[in-house]
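In what follows, chains are A, B, ... by sequence order, proteins preceding strands, each numbered from 1.
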Amino acid sequence: MKVGEVFLRDANGFTAAPFRGRIGIPRALLYYWFGAAWEAFLRALGGPPVVSPPTNKSLLALGRRRAPEEFCLPVQLFLGHAVYLAEEAGCDLLFVPRLVSLEEEAYTCPKLMGLPDVVRSLLPGKRTMVMRVDARTGKSWTKAMREVTLAFGGDKRAFARARQAALAAQRTYEESFLGAGKGEGPFLVVVGHPYCLYDRFLNMDLLLRLVRAGYRSVTPEMLPAAAVEDGLAGLPKPLFWSFGRRVLGAAHYLLDHPGCRGLIHLSAFACGPESLVGELVEEAAGRDGVPFLRLVLDEHTGEAGFLTRVEAFLEMLGRRSR
Amino acid sequence: MKVTFPHLGPAHLALVTLFTDLGLEPVAPPPTTRRTIALGVRHAPEFACFPLKVNLGNYLEALAAGAEAIFMVGGVGPCRLGYYAQVQQTILRRLGLDLPMIVFEPPQRRWAEFWRAIRRVLPPKRLVGLPGALFFAYRKLAAIDELAVLVNRLRPRTLRPLALQRLWEEGQKALGACTEMRSLKRVLSSFKADLVAIPRLEEGYPLRMELAGEIYMVLEPAVNFELERRLGEKGVEVIRHLYLSRWLGEQFRRCLGLDASHHRDRELAWPYLAHPVGGHGLQSVARAVEAGVNRLDGMVHLAPFTCMPEIVAGGVLPVVREDLGLPILHLNLDEHTAEAGVLTRLEAFLDLAARRYNCRLVAMEGHRVERVFSRG
Ligand code: SF4
Ligand code: SF4
């Protein structure tokens, strides 16, 4: 048994031979934060991956039809993208990350921890490439990338090259957000998980609409990590969801800022962690007397209801500032 | 200080003893009812876990009964339980109820902090009694659970279900009232003898089913429509691995690095769920695999609506059902669940399981397969 095979079994359960073929990345969930790096990494390892198109109506419908109904909207959407890649785009292998923990003493979300298994049970017989990251046990991105490299039959040099490419892509991506956060004058805070904030179909272009209405918006990703940590100081108990930390930390940090005009909390229907974090965010906004709007992305309420609420909120802000 | 706590199955019986032994004044919340649930639901966030909402209802009712502080457990994720207390306190404050919450965090390598937390609540002279009080509370729970196991075995076979139920309720009360180890043992064995003495059907094999899922929903009859009892009275022998005392024992041993049951569960679940997902998600899958391999007649999977670990488990269970031919009833319960709907689904499920069972009994010429393995 070659080393690559051992790792394939370990990381990916059922496959047994080094892989060649079309590999697909679903453009959903944390693709909206790590996607550029994943793409660069897989491209450097062997041929460009196929990325599913940006979310559209039919992908959403596909996800809602095929995924178990209790899942939150973003996971259903992910499964829609995965089914599309497997069945319509003809991919031989699906790249499914298992992001257990991205920093010590914090997790992502139980649903992301079990994502590859859900994909497997939905698409039996489909091969999946699992990249498991678990910072709690010291299994960092580097280790995870090394495993995937071995699974592809790559050597040390290939690994070093692919890793460089991934890190560079991630840095560029993160810097573009930090750049967007700089600016003067009043702003709105918009907090939520990356796939809620940056999937333009899912949130009906909320950020762009705010810009059109004349508001600069600041999201957690536009803040340096230190600022988020700063905002989290003084919590009665450390929060243990990485993205929840960003949401709450950014909210606390920005609420103290004199330019802050309002706070929007964007979460998905049936999201577990945000149901609790949202409560804490709302309380913080109430304490500081900042107008607060909670938006839940939901298939049922539809565009009209969502936009009406946004408009009503903006109108209220306008009245306040006059 | 008058301390209250949320309900969880038989936990209140042990907690009352524990707190009394430690010199605190326990105020058990009134039993959970529809009203409790409605009260909690009114003040909790819509998509919060159902148990969080019911806890809140318990607190509010206990506060009306004079409680001055709340005892609650914590956790370190990924499940929401670890942040229940903080959110509940936020909600109570908003309602103008600012009272101390004593949160028991699992030590998790931080023994010093753990120790300080205990010291804050207990006066030093009480500390000496702590291990003994804990042990007794644990033994009390273990005794109640021992009785529960017996009741689950007897229910499908008994000829007098009402007498059995009455005795079971009396037994819990009597065990709850015990204050020392000797009387605990005596009461337990006398109730066991009484239960066994109730006339029962000796022949035939009842259906056997696993009851698994999220711990709160499994343990709390007030929110699961007394499913365990209903199953038993419909002639099903309920096999459940989640007993509070056993679970606490496992947690304790695990803290000391001695418990191997989670390794075993990981192996069982591995082909379907290769990683723990918090809560009891992985355990639910492991139980299904175990039930399938042991040729049990079905499994009822209980979860509160929006429960993350159980949603993941529920996502992979259909494959277990296919692979191992195990009928699984997946019940998502919350405040909106109508009892009638649950009962109809239960009926249909039992019909299906019974038909399958009869076919198999014919195929096996009446011989029953023994369990291939079971957990010690
Ligand atoms: S964090 Fe929320 S939205 Fe994201 S996967 Fe988990 S439950 Fe779904
Ligand atoms: S197991 Fe489910 S119900 Fe319990 S805290 Fe976790 S998410 Fe909530």
Would you call the rings of F34(A) and W38(A) parallel, tilted or perpendicular, where under 30° means parallel and over 60° means perpendicular?
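Tilted, since the angle between the ring planes falls between 30° and 60°.
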
Ring geometry between W241(A) and Y83(B) (parallel below 30°, tilted from 30 to 60°, perpendicular above 60°):
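Geometry flag for W241(A) against Y83(B): tilted rings.
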
Which region of [X], side chain (C-beta onward) or backbone (N, CA, C, O), has a non-hydrogen atom less than 4.5 Å from a non-hydrogen atom of chain B, or is it both or neither?
| X | result |
| --- | --- |
| V100(A) | side chain |
| L115(A) | neither |
| L276(A) | both |

Part of [X] lying under 4.5 Å from any heavy atom of chain A:
| X | value |
| --- | --- |
| E105(B) | side chain |
| C79(B) | backbone |
| I91(B) | side chain |
| V319(B) | side chain |
| L52(B) | side chain |
| P318(B) | neither |

Greatest number of heavy atom pairs closer than 4.5 Å to chain A - which of [options]:
| options | value |
| --- | --- |
| V320(B), T306(B), V316(B) | V316(B) |
| A274(B), G278(B), A85(B) | A274(B) |
| E322(B), M308(B), Q89(B), E310(B) | M308(B) |
| A313(B), G75(B), G279(B) | G75(B) |

Between [X] and [Y], does at least one N-O distance fall below 4.0 Å, as a salt bridge requires?
| X | Y | result |
| --- | --- | --- |
| R98(A) | D134(A) | no |
| E279(A) | R94(B) | yes |
| E267(B) | R264(B) | no |
| E283(A) | R93(B) | no |
| E87(A) | R66(A) | yes |

Top contributor to chain B interface from [options] [non-hydrogen pairs under 4.5 Å]:
| options | value |
| --- | --- |
| G244(A), G278(A), G114(A) | G114(A) |
| G286(A), P273(A), P68(A), P236(A) | P273(A) |
| C109(A), P124(A), A67(A), G272(A) | G272(A) |

Side-chain contact test, heavy atoms from C-beta onward, threshold under 4.5 Å: evaluate it for M113(A) versus P78(B) and give yes or no.
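When only atoms from C-beta onward are counted, P78(B) and M113(A) do touch, with a gap below 4.5 Å.
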
Any side-chain donor-acceptor pair under 3.5 Å between H262(B) and E250(B)?
no

If only atom types and distance count, is the side chain of S101(A) paired as donor or acceptor with the main-chain N or O of A106(A) below 3.5 Å?
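It does hold such a pair.
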
